[in-house]
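Sharing a structure, written as structure tokens. Questions coming.
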Protein chains: 2
Amino acid sequence: MKFGLRHMRYFLAVAEELHFRRAADRLGIAQPALSRAIQHLEAELGVVLFERSNRNVRLTPAGQEFLDGTHGILNAVDHTVENTRQVHAGGIGTIRVGYTDFAIAGTLPSLLQTFRGKQPGITLQPHHDVTTLQLEKLAAGVLDIGFVTGPVSKPDYEQIEIQQDQLVCIVHENHRLANRQSVRLDELANEDFIHGPPREWEHFYAHLMPLCRSAGFIPRIVQEAFNSAGILGLVASGMGITILTESSLIAARRGLIPIPIETTAEPLSTLAIWNPQSLSGSVARFTEFLQARMAQA
Amino acid sequence: MKFGLRHMRYFLAVAEELHFRRAADRLGIAQPALSRAIQHLEAELGVVLFERSNRNVRLTPAGQEFLDGTHGILNAVDHTVENTRQVHAGGIGTIRVGYTDFAIAGTLPSLLQTFRGKQPGITLQPHHDVTTLQLEKLAAGVLDIGFVTGPVSKPDYEQIEIQQDQLVCIVHENHRLANRQSVRLDELANEDFIHGPPREWEHFYAHLMPLCRSAGFIPRIVQEAFNSAGILGLVASGMGITILTESSLIAARRGLIPIPIETTAEPLSTLAIWNPQSLSGSVARFTEFLQARMAQA
DNA sequence: TTCATTGATGCCTAAATATTATCAAAAAGA
DNA sequence: TCTTTTTGATAATATTTAGGCATCAATGAA
């Protein structure tokens, strides 16, 4: 097949006008060029598409068949071009979003909801993962943007803080500290702690451990759980206490008491992080949205 | 849009290979030509389709969207070309077939059935019309082939006889001739006749009238009906007699008696007639079929 | 008949597309 | 660290394709 879309557009014009000169006018070319192009097309197909006399032009049955196909094809081309440009510009597309327990317990749900309202053509595909895993998936191109626990040092990536959480100590209602208004970290030195696996909760530990260390102790972790819900469940069962963010209590169980911790330390920050070299228009729209939203707050 | 199917085929090759040189090899062109073509396509769309480094090539989200569309379009093109060629060659298509009462009562049904078995891709579209109307519709291009009452003098058309019918006299069972083995035409001189409208049954009359005239009478037509079934119905009601072909009695009513007519005249012939200049491959297949079929009989 | 209309053809120019040779960047191996 | 290899991009040039203008041949209308 050595014909192209040009031939098909020319054919369509002739099939609609049933008149070479008028079709040529409509196409903005000279009539002989059109005659030639149709001849070329017919030779290429090995099929006579028009029955011409000096007085009129009409489609052969094969020409009619080709016309039917041509209509669909030219429409599909326009449609595909339009869609491709939309995806490029970010009007439609899919964004693979990673999030941590802390992010999803905080402001992320309202962020996503607002964005979906503004960009209904963009599908958000959420992936629940700890920070470390999200960073690996970003690098592998499996995720487009991550909502992770900061700080993160990745010079090639852009990031923006979307949330700050004060740490709170969470105890069972029967615990000796349950009715305290606040607590100092050093008072927790001899408690049994429940937390996530150190390798996976690496970024949270990186925030918490220095605080404990300057309070003069290293927390004794007696039990591990894989996520906040699991940790809170174990705390509720009376196995120990934990330190998490305020917002983690959103879906908390009865019988758990949050106690603010007296500290001058920075709160725990949750960041959006993404690769600015990504060629996804949708992601660009999303990050622009995030930046505008954070600037105004 | 200034790109063509060529660009899309090239794009498809690169998208599948994710490697310019291999894709170029597959396409049978040099690698620089391919690089250029993809650049041209990207410029035309205003969209980056591939993310290239010196070490690997991958699709952008917009490129993925374009790939999806391209698949469908290139398939549709192949499909359309294939179908168009098939229609041209006559493998698929539609034939608009006209037929008279005499044709459909005779061998035509078995002809059509056999043809349909041999060419399942070809749709036969039957149109019931008298000879005169069929000839007009053939000229207007509304019919592709007619099965008409001969003889017909149309030098530009091809024709082939498919059937010969002896005329019979048909009377009501109470009629005075009802138990005759045969009858001479002149014995019918004073009968009341039932027939079709002269203008529309022109070709049948052209056969019958000369016979009557040489038998020494002009039939007195007391009632007209539009088709054989109507005529036979009126004969069955006792209003008169008629002269039709043997095969017309296929769907005859009870109480009707056919009586052979003693004559040396030629039987009534039914012809297939068509315009050999028609560019329809399907019609060509059908007429070849008819000719082969008639030659072997 | 003469005239007007219409698609096809010949010839030339311009634009698009291809080829070969070569470059520049980056990963792999010594 | 310094080659070597791999890979896509670029430059210069040839070839193919498309378009324009002038004109023809056929056909129906005045």
Side-chain angles (χ1 to χ4, degrees), chain A residues 1-45 47-60 63 66-67 74 77 139-141 156 275 277 279, chain B residues 1-45 47-60 63 67 77 139-141 156 275 277 279:
Chain A
M1 275 165 291
K2 275 183 64 193
F3 66 90
L5 294 177
R6 193 179 55 90
H7 292 93
M8 299 182 80
R9 286 194 247 276
Y10 287 7
F11 167 80
L12 185 62
V14 177
E16 284 177 359
E17 298 284 346
L18 290 178
H19 196 290
F20 278 74
R21 191 184 45 72
R22 279 202 298 274
D25 287 350
R26 198 175 101 182
L27 293 166
I29 62 172
Q31 171 264 314
L34 184 55
S35 285
R36 283 262 161 70
I38 299 294
Q39 284 167 12
H40 188 160
L41 178 59
E42 289 181 321
E44 202 56 55
L45 292 170
V47 167
V48 182
L49 298 170
F50 294 106
E51 203 180 334
R52 318 118 152 106
S53 76
N54 288 45
R55 209 37 59 167
N56 60 41
V57 173
R58 38 181 201 172
L59 279 168
T60 62
F66 192 69
L67 176 60
L74 293 181
V77 170
D156 290 346
N275 181 351
Q277 290 167 41
L279 290 170
Chain B
M1 274 165 291
K2 277 183 65 192
F3 66 90
L5 293 178
R6 193 180 52 90
H7 292 92
M8 298 180 80
R9 294 204 182 88
Y10 288 8
F11 168 79
L12 184 63
V14 177
E16 284 177 359
E17 298 284 346
L18 292 178
H19 195 288
F20 278 74
R21 189 184 47 73
R22 278 200 300 273
D25 287 350
R26 199 174 99 183
L27 292 165
I29 62 172
Q31 170 265 316
L34 184 55
S35 283
R36 276 274 156 72
I38 299 295
Q39 285 168 12
H40 188 161
L41 178 59
E42 289 181 321
E44 203 56 55
L45 292 170
V47 167
V48 181
L49 298 170
F50 293 105
E51 204 180 331
R52 316 121 154 104
S53 76
N54 287 38
R55 207 37 62 166
N56 60 42
V57 173
R58 40 184 200 170
L59 280 167
T60 61
L67 176 60
V77 169
D156 290 347
N275 181 351
Q277 291 166 41
L279 290 170

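A note on names: the letters A, B, ... follow the listed sequences, proteins ahead of strands, and every chain is numbered from 1.
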**Asked** Below 4.0 angstrom from OP1 or OP2 of D:dG8, is there any side-chain N or O of B:His19?
**Response** yes
**Prompt:** Side-chain N or O of B:His40 less than 4.0 angstrom from OP1 or OP2 on C:dA16?
**Reply:** no
**Request:** For the residue pair A:His7 and A:His40, categorise the inter-ring angle as parallel (less than 30°), tilted (30 to 60°) or perpendicular (more than 60°).
**Result:** perpendicular
**Message:** Does B:Ala30 reach a base, just sugar-phosphate, or nothing at all? Heavy atoms under 4.0 Å.
**Reply:** base
**Message:** So, OP1 or OP2 of C:dG7: does either fall under 4.0 Å of a side-chain N or O from A:Ser35?
**Reply:** no
**Prompt:** OP1, OP2 of D:dA9 versus side-chain N and O of B:Arg52: anything below 4.0 Å?
**Reply:** yes
**Message:** Quick check: closest heavy atoms across A:Leu18 and A:Leu59, and the distance to 0.1 Å?
**Reply:** CD2-N, 4.2 Å
**Which residue lies more 5' along DNA chain D, comparing A:Arg6 with B:Arg22 via nearest heavy atoms** = B:Arg22
**Message:** With a 4.0 Å limit, can you tell me whether A:Arg55 has a side-chain N or O closer than that to the phosphate oxygens OP1/OP2 of C:dT6?
**Reply:** no
**Asked** Does the side chain of A:Lys2 get closer than 4.0 angstrom to OP1 or OP2 of D:dT16 through an N or O atom?
**Response** no
**Prompt:** Under 3.5 Å, is there a donor-acceptor pair between the A:Ser35 and A:Gln39 side chains?
**Reply:** no
**Request:** Find the distance B:Arg21:CZ to C:dT20:P and express it as a whole number of Å.
**Result:** 15 Å
**Item:** First of A:Pro32 and A:Ser53 reached from the 5' end of DNA chain D, by closest nucleotide
**Value:** A:Pro32
**Message:** Just the rounded figure in Å: distance from C1' of D:dT16 to CZ of A:Phe3.
**Reply:** 19 Å
**Item:** Geometric class of the A:Phe20/A:Phe50 ring pair [parallel <30°, tilted 30-60°, perpendicular >60°]
**Value:** perpendicular
**Message:** Measuring to OP1 and OP2 of D:dG20, would you say a side-chain N or O of A:Gln31 lies under 4.0 angstrom away?
**Reply:** no
